[in-house]
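Structure, as structure tokens:
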Amino acid sequence: MIYRESGQFKTTYAADQAMLPILQDKIFVLAVIALAVALPFLVSNYVIQALLLPFLIYSLAAIGLNILVGYCGQISLGTGGFMAVGAFAAWNILTRMPEMPILVGFVLGALCASGAGVLFGLPALRIKGFYLAVTTLAAQFFLVWLLQRPFFVDYSATGVISAQEIQLLGWTVDSGIDKYLFALAVVVIMALVAKNLVRSSTGRKWMAIRDMDVAAEIIGIRPMMTKLKAFAVSSFFVGLAGILWAYLYLGQLEANAFDIYTSFDVLFMVIIGGLGSILGSFLGAAFVVLVPIFLNIVPGWLGLPLDTAMVSYIEVFTFGALIIFFLIVEPHGLARLWTIAKQKLRLWPFPY
Amino acid sequence: MAAQPQESAGAARAGESLLKVEDVQLSFGGVHALRNVSFEIRRRQIFSIIGPNGAGKSSMLNCINGFYQPSAGTITYKGEPRKQMRPYQAASQGIARTFQNIALFTGMSTLDNIMTGRHLKAQSTLVENALWIGRARREEMAHRHFCEEIIDFLEIQQHRKTPVGTLPYGLQKRVELGRALAAEPELLLLDEPMAGMNLEEKQDMARFILDVNDQYGMTIALIEHDMAVVMDLSDRIVVLDHGEKIGEGTPDEVSSDPRVIEAYLGTQQEEEA
């Protein structure tokens, strides 16, 4: 009964094209953002650093990959590599030019990731599907290998390179709450940017290439430009996520932190959350980041006397089973479940 | 009988030459899909290409919109002979088309499909789109307005937000026409727009084709198997068989041409007439 759009008439195209055309959605999203801002003050520092921060950063990476895979239909297994390029580029720029504002350094770092994305996206002009996946896999291994060369970072001294402190108009981002709020701001802004892109002519071109590339070319879409733009934008988001991962979560730079498992994790988030959905990127990230931790603490709650090795086995098994279950129940991901729920809510409590 | 007033109307309406095909050949290996085909499409004409299956009709359209490169011969579009080109270049020169097998973007809504068809008119850059400022916003609204007019014209208002994959066949054909119209083309290529339709849907589609020609002044090149439709709609017809042109003229001339009757229309058509 609450989720009703009747009586909300649109008199302009602007109102109908709005991001959230239904009033209840607007209220809901504002409430979620308010809760997200209030959340760090309600939970422990451990929860912020170990749960919320990775969730936000992975969401950003998932949005980036979703633009490429879900909207433009080009598969990539190089996410980890592009994250690493973003982080290392930002670090190098900020180290070599210390007077540069940190946000500018971050943007430049993400732009470097964009460049790497375009470079490794070039094969997409010729090949599709699994073959493209394999060539982007090369990006993953090559980039991580390359970034361990001393030209980029000289590990020799201690083996650890710490990230610069983030300072912004006199605000030093050092406590867990600060880091969380900084990440939240970046993720919310970038999610809005992604939403704007996918509802504009840029996004429609991506989807046209995804749905039928031959027809897209015949109505005048240039496949090369469109695919490379998707690689560039996607890698920008992914690179920014890499920067946040290094600067906020790890606090140090390490190429091996962006290994192939990172790429897989982000791809799983996109698939589980829902291809071609910004909301799905958040849901997928939440699922992949939060569910294993939840599964880890459940045996403790139930008071089961299990040793840690056993708990981690159960965690892996259950997580795998859940992925299979969700994909069988709804192959289009959690975002589709959410859409279906909203459809049902529009009529509830009446059957039709 | 019906063709008589149409012929004079067609002759009066037809303007200067829009597309000239001269001695075009197309071969795949040893197979000759087109052999020395020549014809001319004038502005505001409804021009039909007919012929039995495998005659090279679709190949001809594919040559016109840059999907295939003719192995010999010239295609002159808007007075300029053209060389190698890609389909997107043909589109940007004002050639739009629909497909024999529907080629819509199935994951998108009707409105989004038609809006995608209009992308050539979009000037806004990636950054403007990302920030939803200035030109991006204005253009989106202007294009929405234009696309809504197409939606009204094609009478698909209630399917505006439906994913096109779920629409019935006849409506999908209409959406595809809408997507081609959104580009405001000068030359509209329709590859069997009425294939697989029932009588009512055919009548609707014929009405849309005539209205498009009449209201928007678009030149239309059409492939269709339904002879009644072709004879009724066309100003001029070219007949292909085994890649060769075997006849050309007004519907009356073509339907009385003995070579055409022999190759395509058959003796039955004569009996009916």
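Letters go in sequence order (proteins before strands), and every chain restarts at 1.
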Please assess B:Y216 against B:F153 for the test ring-ring contact (aromatic ring centres under 6.0 Å, His included), listing each intermediate value before the final yes or no. CA-CA 11 Å; B:Y216 298 94; B:F153 172 72; 5.7 Å; yes
Under the side-chain contact (heavy atoms from CB on, under 4.5 Å) rule, what do A:L65 and A:L267 come out as? Steps first, then yes or no, please. CA-CA 7 Å; A:L65 189 64; A:L267 187 63; 3.7 Å; yes
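For B:N65, the part lying near chain A is the side chain, with the backbone staying farther off; criterion is any non-hydrogen pair under 4.5 Å. Contacts of B:K161 with chain A are made by side-chain atoms alone, with heavy-atom separations under 4.5 Å and no backbone atom involved. With a threshold of 4.5 angstrom between heavy atoms, B:L126 approaches chain A through its backbone and through its side chain. Neither the backbone nor the side chain of A:V198 comes within contact range of chain B, judged by heavy atoms closer than 4.5 Å.
Residues of residues 224-232 of chain A that come closer than 4.5 Å to chain B, counting heavy atoms only, are A:K229, ordered by residue number. Of all residues in residues 208-218 of chain A, those placing a non-hydrogen atom less than 4.5 angstrom from a non-hydrogen atom of chain B are A:A208, A:R210, A:D211, A:M212, A:V214, A:A215, A:A216, A:E217, A:I218. Taking 4.5 Å as the heavy-atom cut-off, the residues of residues 139-146 of chain B that approach chain A are B:E140, B:M141, B:R144, B:H145, ordered by number.
Ranked by heavy-atom pairs under 4.5 Å with chain A, the list B:A130, B:A103, B:A136 is led by B:A130. Each of B:S92, B:G107, B:A91, B:P87 has some count of heavy-atom pairs under 4.5 Å with chain A, and the biggest count is that of B:P87.
One finds the CG atom of B:L19 at 5.0 Å from the CD1 atom of B:I41 (value rounded to the nearest 0.5 Å). To the nearest 0.5 Å, the span separating CD1 on A:I219 from CZ on B:R179 amounts to 5.0 Å.
Residues B:T125 and B:E128 bring a donor and an acceptor atom of their side chains to less than 3.5 Å of each other.
Looking at every heavy atom in both residues, B:M197 comes nearest to B:K202 through O-CE, 3.6 Å.
A donor-acceptor pair is defined here as one N or O able to donate and one able to accept, closer than 3.5 Å; such a pair exists between the side chain of B:N213 and the backbone of B:R44. Side chain of B:S48 to backbone of B:I50: no donor-acceptor contact under 3.5 angstrom is found.
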Only pairs under 3.5 Å count here: list side-chain donor-acceptor contacts from residues 182-190 of chain B, not counting sequence neighbours, and write none if there are none.
residue	atom	partner	partner atom	Å
B:E184	OE2	B:R118	NH1	3.1
B:E184	OE2	B:R118	NH2	3.2
B:E186	OE1	B:R43	NH1	3.1
B:E186	OE1	B:R43	NH2	3.4
B:E186	OE2	B:K78	NZ	2.6

